[in-house]
Amino acid sequence: MDASIYAARRRSNVMATVASYAATGIGLAGLAMILIVLFWEGFSGLSLAVFTQMTPPPGSAGGLLNAIVGSIMMTVIAIAIGTPIGMLAGTYMAEYGRHEKLTSIVRFINDILLSAPSIVVGLFIYEVMVVPMGHFSGIAGAVALAVIVIPVVVRTTEDMLMLVPNTLREAAASIGLPRSLMIRHIAYRAARSGIITGILLAVARISGETAPLLFTALNNQFYSSNLNAPMSSLPVVIFQFALSPYADWQKLAWTGALIITISVLVLSIVARALAGTRKAS
Amino acid sequence: MVDVTWGGARVGAQDAAERARALDKLRLGDVIFHAITRSAAILVLLLLGGVMVALLLGALPALQTFGFDFVTTQRWNPVTEKFGALAPIYGTLITSLIAMVIAVPFGLLIAMFLTELCPMWLRRPIGIAIELLAGIPSIIYGIWGLFVLAPFLQQYVQPALISAFGDIPVLSTLFAGPPYGIGMLTAGLILAIMVLPFVTSISRDVFDAVPPVLKEAAYGLGCSTWEVMRHVVLPYTRVGVIGGVMLGLGRALGETMAVTFVIGNAHKISGSLLAPGTTISATIANEFTEAVGDLYTSSLIALGLILFVITFIVLAIARYMLMRIERRVG
């Protein structure tokens with residue numbers, strides 16, 4: 001009887017172990033396959049023209065210049081709007097209001113905003129910016145992206161400031177430094193690499209966002225740096241081109257997807273390296 | 001910075017006044033900075049409130065016109081301006097359900113591999129790879145689904161499913177109809193692949209939080225790896241795992257781009273998983289810019305409101321559960 005119990009236990013263990021190995025194999029293979037196909041299709045369409053020419057009409061060659069410029073412009077503005085707000089809110093939560101009720105409420109709401117559907121953010125900005133302005137615009141797209149940046153920066157700023165040792169704060173207080181100066185000159189400096197990591201992660205997060213741009217910045221087939229007019233962006237161009245029946249457009253969509261993926265991967269790796277050096281030191 | 005010198009023992013009246021001024025300035029600076037940071041924190045709250053209010057106002061015309069029928073009917077006719085949200089709601093729930101049914105067991109098994117079975121030197125690289133994959137934008141998964149997964153399913157998998165389950169009562173309805181390639185099943189699969197890194201990395205973090213002493217005690221009693229997982233790790237981390245699953249579910253429910261490419265955008269509830277359908281987010285993404293008429297736009301915003309409310313509830317539960325396990329870890 002003992003033998004049969006042992007056999008059954010061994011059997012269930014072997015089955016679970018095999019399932020675990022198989023799941024890891026299948027999961028990693030599936031994810032690797034996506035990257036392989038992406039690199040294969042993307043690199044075959046990569047050329048200088050992609051970075052120097054505008055998005056073409058169907059049936060002719062072209063590039064993604066206007067989309068790349070539009071994406072960069074909107075990302076920069078979104079970071080410029082979202083980072084200060086996020087950092088200040090995170091500062092309040094970690095420094096002034098560490099034990100306040102407000103902080104725990106903000107933390108809860110912020111975590112929900114962090115994973116709220118981005119298409120809802122697009123609808124929100126459409127209601128509060130596009131409708132009053134009467135037209136789609138690059139600035140509306142940038143603000144929509146900023147709404148996504150804020151929770152990311154709030155979260156990392158708070159986390160990173162919490163890691164700053166209290167002895168530093170006490171040392172600053174003991175030489176008579178007021179709190180605001182202590183935060184700006186001591187706490188921020190100690191948490192700098194962590195906060196930069198958060199900003200990089202926020203850039204990575206918004207560089208592939210499509211849904212919030214669909215009905216805020218819309219799209220623009222031509223080069224435009226006018227923030228008050230519809231603006232092209234890489235993700236929206238990918239969306240439009242991939243669903244089109246034209247081979248050239250589909251090719252460009254793959255190339256655009258490759259550009260986004262590489263930038264996101266590079267950003268995350270740099271962010272990770274920065275965070276890593278912090279932990280090591 | 002202030003220049004505070006304690007060297008001079010005799011401080012003149014003028015110096016004292018200057019110092020008082022400087023201190024006042026600092027105090028004022030502190031009050032202002034406190035106020036600014038506090039208002040930024042309140043702004044985050046207002047942001048969520050603003051989203052709620054804007055969506056409610058935008059959805060009002062549609063909700064007033066159709067009332068409760070909006071969520072119980074599935075007609076969606078822009079020409080006659082009759083709108084009902086049942087088909088997108090159904091599609092959202094079913095695709096997310098398919099995604100979770102696949103991604104959760106896979107995620108848990110991979111997390112088990114990473115915490116119990118994997119050799120030490122491999123843990124970090126695989127863990128990092130999975131975290132990096134979690135950051136890949138969803139449009140990449142969408143484009144892959146459209147050009148690679150959908151044709152593959154159409155050619156090989158779906159015909160096999162149709163013929164294999166053709167004679168079995170319930171399954172024959174689930175897997176009925178011509179193999180389109182795009183449809184509910186494909187969308188669910190893409191979502192599963194997309195959510196997998198999330199579920200995996202959260203489960204791994206939660207499993208890692210189990211005190212080694214507990215596991216060692218169980219191993220010391222002669223438990224097998226599976227028994228340790230099943231009777232020690234899972235019970236200890238149950239709350240956290242559920243939180244992680246809910247977080248993944250929140251992602252899946254609100255996901256737009258990965259789904260829009262492969263769902264087929266058909267406002268119809270079909271018993272078959274192979275049939276094209278639609279989800280809330282895909283409907284909004286596909287139709288919003290083309291919507292003519294206030295009622296059409298308003299109906300789409302009402303869809304957004306429903307999505308927001310559903311994900312809000314799911315995410316709130318997820319955060320609550322993850323908070324509970326964090327508190328226990330300390």
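Contacts between Met257(B) and chain A at a heavy-atom distance below 4.5 Å involve the side chain alone, from C-beta outward. At a 4.5 Å heavy-atom cutoff, the contact between Ile183(A) and chain B is made by side-chain atoms alone. Both the backbone and the side chain of Phe239(A) come within contact range of chain B, with heavy atoms under 4.5 Å apart. For Leu258(A), no part lies under 4.5 angstrom from a heavy atom of chain B. Proximity to chain B is limited to the side chain of Ile150(A), based on heavy atoms less than 4.5 angstrom apart. For Met182(A), no part lies under 4.5 angstrom from a heavy atom of chain B. Residue contact with chain A, scored on non-hydrogen atoms closer than 4.5 Å, is absent for Pro105(B). In this structure, no portion of Leu108(B) lies under 4.5 Å from any heavy atom of chain A. For a residue to count as touching a neighbouring chain, one of its non-hydrogen atoms must lie under 4.5 Å from one of that chain's; by this rule Leu214(A) touches chain B with backbone and side chain alike. With a threshold of 4.5 angstrom between heavy atoms, Met323(B) approaches chain A through side-chain atoms but not through N, CA, C or O. With a 4.5 angstrom heavy-atom cutoff, Leu218(A) touches chain B only via side-chain atoms. For chain A, no part of Ser39(B) is nearby; none of its heavy atoms comes within less than 4.5 Å. Using a 4.5 Å cut-off between heavy atoms, Val154(A) contacts chain B through its side chain alone, with no backbone atom that close.
Side-chain contact between Leu28(A) and Ile130(B) is present, with at least one heavy-atom pair separated by less than 4.5 Å. Counting heavy atoms from C-beta outward, Glu95(A) and His34(B) have side chains that stay 4.5 Å or more apart. Within the 4.5 Å cutoff, side-chain heavy atoms of Leu146(B) are placed close to those of Leu243(A). Looking only at side-chain heavy atoms (C-beta outward), Leu181(A) and Phe33(B) stay at 4.5 Å or farther from each other.
The most heavy-atom pairs under 4.5 Å with chain B, out of Met93(A), Arg9(A), Met87(A), Arg179(A), come from Arg9(A). Of the listed residues (Val31(B), Val51(B), Thr256(B)), the one with the most heavy-atom contacts under 4.5 Å to chain A is Val51(B). Listed options Ile260(A), Asp111(A), Ile125(A) were ranked by heavy-atom pairs under 4.5 angstrom with chain B; first place goes to Asp111(A). With respect to chain B, the highest number of heavy-atom pairs below 4.5 Å among Tyr96(A), Tyr126(A), Phe136(A) belongs to Tyr96(A). Between chain A and the options Thr37(B), Val148(B), Leu55(B), heavy-atom pairs under 4.5 Å are most frequent for Thr37(B). Between chain A and the options Thr200(B), Thr225(B), Leu196(B), the largest number of non-hydrogen pairs under 4.5 Å is found for Thr225(B). Put simply, of Thr91(A), Thr210(A), Leu113(A), Val121(A), the one with the most heavy-atom pairs under 4.5 Å next to chain B is Thr210(A). For the set Ile284(B), Thr311(B), Leu114(B), the count of heavy-atom pairs under 4.5 angstrom toward chain A peaks at Ile284(B).
From Thr261(A), atom OG1 reaches atom CG of Leu132(B) across 12.0 Å, with rounding to the nearest 0.5 Å. Atom-to-atom distance recorded for Leu123(A):CG and Leu305(B):CG is 10.0 Å, nearest 0.5 angstrom. Note: Thr297(B) OG1 to Phe215(A) CZ = 11.0 Å, rounded to the nearest 0.5 Å. From Leu26(B), atom CG reaches atom CG of Leu177(A) across 8.0 Å, with rounding to the nearest 0.5 Å. Note that CG of Leu47(B) and CZ of Phe124(A) are 5.5 Å apart. Values are rounded to the nearest 0.5 Å. The CG atom of Leu117(B) sits 8.0 Å away from atom OG1 of Thr24(A), with the distance rounded to the nearest 0.5 Å.
Residues Ala41(B) and Tyr92(A) come closest through the heavy atom pair CB-CD2, 3.8 Å. In terms of heavy atoms, Ala285(B) sits closest to Ile119(A) at N-CD1, 3.8 Å. Across all their heavy atoms, Leu315(B) and Ile112(A) have their closest contact at CD1-O, 3.8 Å. Annotation for Leu247(B) and Ser115(A): closest pair CD1-OG, 4.1 Å, computed over non-hydrogen atoms. Closest approach of Ala40(B) and Ala89(A) over heavy atoms only: CB-N, 3.5 Å. Closest non-hydrogen pair, Leu114(A) versus Arg251(B), comes out as O-NH2, 4.1 Å.
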Original post:
Does the side chain to side chain contact (heavy atoms under 4.5 Å, CB included) test come out yes or no for Leu31(A) and Ile193(B), once each step is laid out?
Top reply: CA-CA 7 Å; Leu31(A) 292 165; Ile193(B) 297 174; 3.8 Å; yes

**OP:** Please step through side chain to side chain contact (heavy atoms under 4.5 Å, CB included) for the pair Val264(A) and Ile136(B), ending with a clear verdict.
**Re:** CA-CA 7 Å; Val264(A) 169; Ile136(B) 299 246; 5.6 Å; no

Subject >> CA sep, side-chain torsions, deciding dist, call: Ile143(B), Phe241(A), side chain to side chain contact (heavy atoms under 4.5 Å, CB included) >> reply: CA-CA 10 Å; Ile143(B) 191 173; Phe241(A) 281 16; over 6 Å; no

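Looking at residues two or more places apart in sequence or on another chain, you find a side chain to side chain contact (heavy atoms under 4.5 Å, CB included) between Ser263(A) and Ile259(A).
Atom CZ of Arg10(A) sits in a sparse spot, with 12 or fewer heavy atoms from other residues, nucleotides or ligands closer than 6.0 Å. Enclosure of atom OH in Tyr320(B) is not indicated, since only 12 or fewer non-hydrogen atoms of other residues, nucleotides or ligands lie within 6.0 angstrom. Atom CZ of Arg124(B) sits in a sparse spot, with 12 or fewer heavy atoms from other residues, nucleotides or ligands closer than 6.0 Å. Around CZ of Arg123(B), the count of heavy atoms belonging to other residues, nucleotides or ligands within 6.0 Å exceeds 12.
When atom types are taken as modelled, the side chain of Asp30(B) and the backbone of Ser180(A) share a donor-acceptor pair closer than 3.5 angstrom.
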Using distance only, find each side-chain donor-acceptor pair of residues 34-42 of chain A under 3.5 Å and give its atom names and separation, not counting sequence neighbours.
none

Can you list, pair by pair, the side-chain donor-acceptor contacts under 3.5 Å of residues 14-23 of chain A, counting residues two or more places apart and other chains?
residue	atom	partner	partner atom	Å
Thr17(A)	OG1	Asn13(A)	O	2.6
Ser20(A)	OG	Leu109(B)	O	3.0
Ser20(A)	OG	Phe113(B)	N	3.3

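Within residues 102-109 of chain A, the residues approaching chain B closer than 4.5 Å by heavy atoms are, in numerical order, Leu102(A), Ile105(A), Val106(A), Phe108(A), Ile109(A).
Relative ring orientation between Trp254(A) and Phe147(B) is described as tilted, the plane-to-plane angle lying within the 30° to 60° band.
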